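Structure first, then comments.
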Amino acid sequence: MEQKKVTCVVCPIGCEILVKGDKQRIVQISGIKCKRGEQYAVSEFLNPMRILTTTVKTRNYHLPVVSVRSNKPIPKDLMFECMDALKKVEIESPLEIGQVVIQNILDSGADIVVTKD
């Protein structure tokens, strides 16, 4: 049985939530002060997700790199693999905000998009 301390970021209270369970189920949650905090803690314990923000190389652009991000959260466990995939990418000018650099990166369901013209 795993135990994890989670600091809720849903609201300014920042509850310290203690979650006990395994990767399939939760057996105990303590320290929550609202339903949204409980949902956040469950998600963070079972399947933590993050928005990936980084840069990729460019060609024929006034800067050597351009900022990109995932258009939705990606499983935290895939972050380093996603970064490795993005190291190999080089995109060519002209660039447009929202332009897809990699569609469905590592089958995560998230696209990597340009964040700067």
Side-chain angles (χ1 to χ4, degrees):
M1 203 60 55
E2 183 182 353
Q3 180 172 302
K4 184 176 182 181
K5 189 176 186 181
V6 175
T7 302
C8 183
V9 297
V10 175
C11 76
I13 295 172
C15 297
E16 293 291 326
I17 303 169
L18 188 61
V19 184
K20 293 180 185 177
D22 56 38
K23 288 297 176 188
Q24 285 75 40
R25 63 188 173 91
I26 293 174
V27 296
Q28 183 182 5
I29 299 179
S30 59
I32 57 171
K33 295 185 177 151
C34 69
K35 194 71 174 166
R36 288 179 16 196
E38 181 179 8
Q39 292 168 347
Y40 174 79
V42 167
S43 174
E44 189 64 16
F45 185 83
L46 296 176
N47 186 26
M49 305 283 279
R50 301 289 186 271
I51 294 289
L52 173 61
T53 305
T54 189
T55 58
V56 294
K57 296 177 205 163
T58 61
R59 263 190 320 259
N60 303 324
Y61 189 59
H62 67 279
L63 297 171
V65 295
V66 67
S67 58
V68 296
R69 70 185 288 276
S70 58
N71 65 344
K72 60 175 131 179
I74 293 172
K76 188 176 173 184
D77 292 346
L78 289 180
M79 286 296 177
F80 289 111
E81 289 178 66
C82 289
M83 293 295 290
D84 286 341
L86 288 167
K87 283 179 193 176
K88 301 169 188 166
V89 172
E90 187 173 29
I91 58 176
E92 191 159 343
S93 182
L95 305 175
E96 185 178 312
I97 291 176
Q99 175 182 335
V100 176
V101 176
I102 297 179
Q103 190 171 13
N104 191 23
I105 189 164
L106 299 178
D107 294 322
S108 67
D111 297 338
I112 302 299
V113 297
V114 174
T115 62
K116 183 176 181 167
D117 280 335

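Quick note: numbers below take in every heavy atom, side chains included, and nothing from hydrogens, waters or symmetry partners. Computed from a predicted model, the values in this text were never measured in an experiment.
Nearest approach of F45 to E2, heavy atoms of both residues: CZ-O, 4.0 Å. Summarising the geometry of G98 relative to V113, their closest heavy-atom pair is O-CG1, 3.7 Å, with the distance given to 0.1 Å.
For the side-chain hydrogen bond (donor to acceptor under 3.5 Å, both in side chains) test, residues two or more places apart in sequence or in another chain that qualify with T7 are E16. Shown here are the salt bridge (charged side-chain N to carboxylate O under 4.0 Å, His left out) partners of E92, two or more places apart in sequence or in another chain: R59. D117 is linked by a side-chain hydrogen bond (donor to acceptor under 3.5 Å, both in side chains) to nothing, counting only residues two or more places apart in sequence or in another chain. Not a single side-chain hydrogen bond (donor to acceptor under 3.5 Å, both in side chains) links Q39 to another residue, sequence neighbours left out.
V100 and I51 fall into different hydrophobic clusters, where Ile, Leu, Val, Met, Phe, Trp and Tyr residues are linked whenever their side-chain heavy atoms come under 4.5 Å apart, directly or through other members. Both I91 and I105 belong to a common hydrophobic cluster when Ile, Leu, Val, Met, Phe, Trp and Tyr are linked at side-chain heavy-atom distances under 4.5 angstrom. Two different hydrophobic clusters hold L18 and V42 under the rule that ILVMFWY side chains link at heavy-atom gaps under 4.5 Å.
Around CD1 of I97, the count of heavy atoms belonging to other residues, nucleotides or ligands within 6.0 Å exceeds 12.
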Listing, residues 63-85 side-chain donor-acceptor contacts under 3.5 Å, not counting sequence neighbours, or none:
{"unit_1": "S67", "atom_1": "OG", "unit_2": "T115", "atom_2": "OG1", "d": "2.4"}
{"unit_1": "S70", "atom_1": "OG", "unit_2": "L52", "atom_2": "N", "d": "2.9"}
{"unit_1": "S70", "atom_1": "OG", "unit_2": "K72", "atom_2": "O", "d": "3.0"}
{"unit_1": "N71", "atom_1": "OD1", "unit_2": "D111", "atom_2": "N", "d": "2.8"}
{"unit_1": "K72", "atom_1": "NZ", "unit_2": "G109", "atom_2": "O", "d": "3.1"}

What pairs of donor and acceptor atoms, side-chain ones from residues 24-38 against any protein atom, are under 3.5 angstrom apart with sequence neighbours left out?
{"unit_1": "K35", "atom_1": "NZ", "unit_2": "E38", "atom_2": "OE1", "d": "3.4"}
{"unit_1": "R36", "atom_1": "NH2", "unit_2": "V10", "atom_2": "O", "d": "3.1"}

**OP:** Starting from the C-alpha separation in whole Å, work towards a yes-or-no answer on side-chain contact (heavy atoms from CB on, under 4.5 Å) for L95 and K116.
**Re:** CA-CA 8 Å; L95 305 175; K116 183 176 181 167; over 6 Å; no

**OP:** Begin with the C-alpha distance, continue with both residues' side-chain angles, and end with the deciding distance and a verdict on side-chain contact (heavy atoms from CB on, under 4.5 Å) for V101 and V114.
**Re:** CA-CA 7 Å; V101 176; V114 174; 3.6 Å; yes

Original post:
Step by step, would you call I112 with V56 a side-chain contact (heavy atoms from CB on, under 4.5 Å)?
Top reply: CA-CA 10 Å; I112 302 299; V56 294; 5.5 Å; no

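For residues 44-56, the pairs satisfying salt bridge (charged side-chain N to carboxylate O under 4.0 Å, His left out) are E44-R50, with sequence neighbours left out.
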